Amino acid sequence: YASGTLQPGVGIEPVTFLNPKAAALIAVKDDVAVIRINNPDSKVNTLSIPMQREMAEVMNEVWANGAVKSVVLISSKPGCFIAGADINMIQACRSAEEVTALSQEGQKMFEKIEKSPIPIVAAINGSCLGGGLEFALACQYRVATKSRKTVLGTPEVMLGLLPGAGGTQRLPKMVGLPSAFDVMLTGRNIRADKAKKMGLVHQLVDPLGPGLKDSDVRTVEYLEEVAVGFAKGIVNKSIPLTKRKGIMQKLQDYAMGIPFVRQQIYKTVTKRVMNQTKGLYPAPLKIIECVKAGLEKGSEAGYLEESQNFGKLAMTPESKALVGLYQGQVACKKNRFGTPEREVKNLAILGAGLMGAGIAQVTVDKGVNVILKDTATEGLSRGQDQVYKGFNAKVKKKSITSFERDTTMSCLTGQLDYSGFERVDMVIEAVFEDLSIKHKVLKEVEAVTPPHCIFATNTSGLPIKDIAAASKRPENVIGMHYFSPVDKMQLLEIITTDKTSKDTTASAVALGLKQGKIIIVVKDGPGFYTTRCLSPMLAELLRLLQEGVEPKKLDLLTTSFGLPVGAVILADEVGIDVAAHVGKTMTKAFGSRLDGGNIEVVTTMVEKGFTGRKAGKGFYIYEKGSKSRNINPAAEEILKKFKLSAPPSVSSDSDVQYRLVSRFVNEALLCLQEGILSNPMEGDIGAVFGLGFPPFLGGPFRFVDAFGADKLVQKMKKYEEVYGNQFTACQLLQDHAKDSSKKFYK
Amino acid sequence: MDTQVFIIIIIIIIIIVSHHVEGGHFNVKIKSLAFKCSMQTKSKKTLAKPGVKNIVLVEGVRTPFLLSGTIYNDFMAHDLARAALLGLLNKTSLPKDAVDYIVYGTVIQEVKTSNVAREAALGAGISEKIPAHTVTMACISANQAITTAVGLIAAGQCDVVVAGGVETMSDMPIRHSRKMRKTMLTLNKAKTLSQRLTLLSKIRLGYLTPELPALTEFSTNETMGHSADRLTAAFGVSRREQDEFAFRSHSLAKKAQDAGLLSDVLSVNVPGKGIVSKDNGIRPSSMEQLEKLKPVFIKPHGTITPASSSFLTDGASAVLLMSEEKALAMGYKPKAYLRDFVFVSQDPKDQLLLGPSYATPEVLEKSGITLDDIDVFEFHEAFAGQILANLKAMDSDWFAQTCMGRKSKVGVLPIEKLNLWGGSLSLGHPFGATGARLVTAAVNRLKKEGGQYALVAACAAGGQVVMKVIQNYFFI
């Protein structure tokens, strides 16, 4: 890993010394050493062990060279500065001590960077995340391009970790306590202009258009030229390293100097974290601890706390589950069906309701022309407004310009007829969930569309093969199950029948990826995967309500288990009518196994108009502008009418939780057993991103691995004795229970 | 990948060709001339096209171009336009009723005179029976006025058209904010005192913030200077190259002014301030002074300074265009033929000012001539770096292949033929008027230098460009 001998260049022309194996090349411009990071084995730069070793060698070489007066650190990867630490490196560790040692290595290296005798300028283009940002923070000066690809952030918390290479210590000093907590606890990506405002970077560089070279290539060259200019400026003192602080900044600094104020901040932040995580996620609390240690007990204690907590966190099941989800997410952002024969350039959506308009919104800004068709002007106008509002919100947040909003909206055509359908490559229908209506539109669509046109149905429960039965081209029929609200929910469940062609699937996946979705592809069947898992849980929920468990208590029990919203609220959100409809369909398909509460409870509620949130009344009453919800007394009455007695042996708080969860999990495993799911990973991704299964548990399959299949089967047996086959563990679960070496994840 | 790309560039090339090339015996004369001077090896093509009328430029004039906020401070735009019109009529002794039509270009419109062409014509005492309209196309508004006139003549609708442009930046329409305007308009409709008082009570201090005419691109929200600075960086144009070009522009303008070459400049009497007869923005300084200036658009690392940008200017220009027969019948000696022109447009973000590179080959192909045939280049100097970026773009195979879809580069533009009497950097740039100044300068240079063809190019906001070919009108 020697990276060549360093010699100062003569004149303006840089002298570059290459080492074909090296991940960091040094060029010298006048007296500025430019270090270009370029991991030879990957598309992105990560701080792997060899990379860290090599960086250390390169830095030593630079420091040893008396002719070099300053350094510029830049990446040669397009769209990536340093994407973070290497996750595999952490996963390979077997103990907390090993991980702590890794963290301490990183801390030491960045400390040397921070104390560098000559100024180091980090020139950032593309993702600068995690360890990458910590590296940049240790440098004396930061210049970033305003490219949309340039994002800074500390996403560690989303992996159940913390910034373990000095991040928890440097960030508060650089951007102040409140901003530092915001950055580290949300893990969100920060765009360059925002980063400048926060004080995370010193200067911004505009991306360039095409000139004598490709614009991306030239932009990075330009960034380097500008950074070299700043490096020289720092040396000759024409560029100050500290920026003048504004009054607000000074005031904030003053306030932060008061221990009492700091204590209040720790308290408030901790409270907010506890509120949001119910204490189920250890990482945010550890981040607060590390920051606190650094500020209150000095940096030595802070760094020690950081490295030790980093080690501890890496070994937690929460972190392992979150890392697994991250890896699954990466896998579900690839098209395993290959490139489709033709790209979908013109899409038609039938039905401008919440779903239809939502699908239009996530598609129309991706270079796809969208026709939004409805049968009535009111519905159409409402749908178009929904799309407009979506983009206008982005304008207000300044993530797009009003002009971009307008040009995007120009790609959306709202209409009541089938004109222009002769040009569409795909139709997604989001009409009412009724087989005869679906057949009617399918036939109408096939009469006006070209032969290659794909018909995708956005149903949440009807089997696709039943819908495809009316088709002349069943190989072009596929299910695309979106989740509401479409612009927020990341999951897309794609359902293929035996007749769906591979190219149709490839095309649907390609469109979904364009829409920014995380995609699972499952086999056809009643309820596919997601609806099928949800259905027994809702049936159980209904029974629990009948058994007299208060809705508020049920919500508390489910959120403290880790669901993002309470199960009763979830039912109201989904819609009581939808739940009733799905419940009936599922029971019809699977028999008594999917039974639970009395379906008449919900049908009565629907009759009375308590269809959930959309109607303002479900189990709760929803009032505009008010955040607190009250129980709907009329719904309570209905529940009383259908009251069941609660068998004490299976009605403890924990039993309530596991009755709900075990039915969900068992059904998920059954889907894998029956081949609806092609692998456990997609099952976990679907449950977490589509249904809100607790992310720290990693999904039903990882949950079984961690909780123990035998323990779960034991619990289910207890419930089975009371309720019968609804709690019979499926064969796959039993197999895992018998043989503890059987795991879904190795 | 999904960024909307708007492509609009316009180029006008005006080619001037010897009038007598067409006649057989004149051809002989020219051939014999060509034998005499070995210099003359160029194409003698007339560029006339069968079935298309020959359109000639009889004369072109302009008011002195003055820094905004100086002597024209009290003028409205139509005062300046009127001065140019009157100057043109006087210089050509054209009777005030002999004009068929008047077209003027302007950018920032005074709301009181939104059809400034008509107000100026009436004010100049031109017959009220002569219609006039105003066009706008950012910095190439006067070029658009000229090509509109060419169209009117070519279509046989008119024989004599005055085209020109005007701009004053000394007075700009500064508006109330949208909220204030809304309140005031509603106030108009309020019937009772209490309604009015309620409305008035809603006015907040913030409503009083005035709205200035936008100098940024509407579509991208970027100022032209900022875009130009990025352009120079994209093409690797150095600060020094830009300073040198700015220095050149001012030096050449000064030389031309001193030598009396800027014969298109009129003398204008400004009430209370005397007669102005010279441009006042020409400030030849030294390279040392230019180097000291700080960048204005991208700070602190940009390369464009006030010296390498065209400055805010007031001024008006006018040209007299006729069909060739009409000009000859009226006894005029036409100065030049206006030949082909093209308008093209590009991405308004990254290629806002790159139009000349796109339009040059296009218009040359249209005319059937090559870069070598051109004797006079008059390009609008929005920024020194913008001209230099265009020169580099035209000389790049990568750019030609990647951005223009051409097999190879356009070629090296001979800088020794470019803007020899100064340009917008030194003479000034009244947005709406520059186009006609460029054409007149090209024609006058052809006359002075004895050249055959001139090429005029200007780029404009919105990524648009005009390019014209002008052909000299030789009397042999």
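Worth knowing before you read on, the calculation uses all heavy atoms, side chains too, and leaves out hydrogens, waters and symmetry mates. It should be emphasised that the depicted structure is a prediction, and the values quoted were computed from it without experimental measurement. By convention in this document, chain letters (A, B, ...) are assigned in the order of the sequence lines, proteins followed by strands, and residues within each chain are numbered from 1.
- No salt bridge links A:Asp425 with A:Lys345; every basic N to acidic carboxylate O contact stays at or beyond 4.0 Å.
- Atom CZ of B:Arg181 has more than 12 neighbouring heavy atoms from other residues, nucleotides or ligands inside a 6.0 Å radius.
- Classification of the A:Phe230-A:Tyr141 ring pair by plane angle, with boundaries at 30° and 60°, yields tilted.
- The pair A:Glu343-A:Lys514 meets the salt-bridge criterion, with a side-chain N (NZ, NE, NH1 or NH2) lying under 4.0 Å from an Asp/Glu carboxylate O.
- When heavy atoms are compared at a cutoff of 4.5 Å, A:Gln203 approaches chain B solely by way of its side chain, counted from C-beta outward.
- Between chain A and the options B:Ser227, B:Ala389, B:Cys403, B:Ala233, the largest number of non-hydrogen pairs under 4.5 Å is found for B:Ala233.
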task = For A:Val121 and A:Leu73, run side chain to side chain contact (heavy atoms under 4.5 Å, CB included): C-alpha distance rounded to whole Å, both residues' side-chain angles, the deciding distance at 0.1 Å, then the answer.
result = CA-CA 6 Å; A:Val121 177; A:Leu73 187 70; over 6 Å; no
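- Proximity to chain A at a heavy-atom threshold of 4.5 Å picks out B:Gly236 from residues 236-247 of chain B, in numerical order.
- With a threshold of 4.5 angstrom between heavy atoms, A:Asp214 approaches chain B through its backbone and through its side chain.
- Looking at B:Leu231, there are no atoms closer than 4.5 Å to chain A (heavy atoms on both sides), in backbone or side chain.
- Proximity to chain B (any heavy atom under 4.5 Å) is shown, for A:Val368, by neither the backbone nor the side chain.
- Salt bridge status for A:Arg148 with A:Glu404: present, with a side-chain N to carboxylate O gap under 4.0 Å.
- Scanning both residues, B:Leu354 and B:Asn390, for their nearest heavy atoms gives O-OD1, 3.1 Å.
- Counting heavy-atom pairs under 4.5 Å between each of B:Ala393, B:Pro300, B:Ser396 and chain A puts B:Pro300 at the top.
- In summary, A:Asp30 and A:Lys232 engage in a salt bridge, as defined by a charged side-chain N under 4.0 Å from a carboxylate O.
- Taking the charged nitrogens against the carboxylate oxygens, B:Glu365 and B:Arg406 do have a contact shorter than 4.0 Å, which makes a salt bridge.
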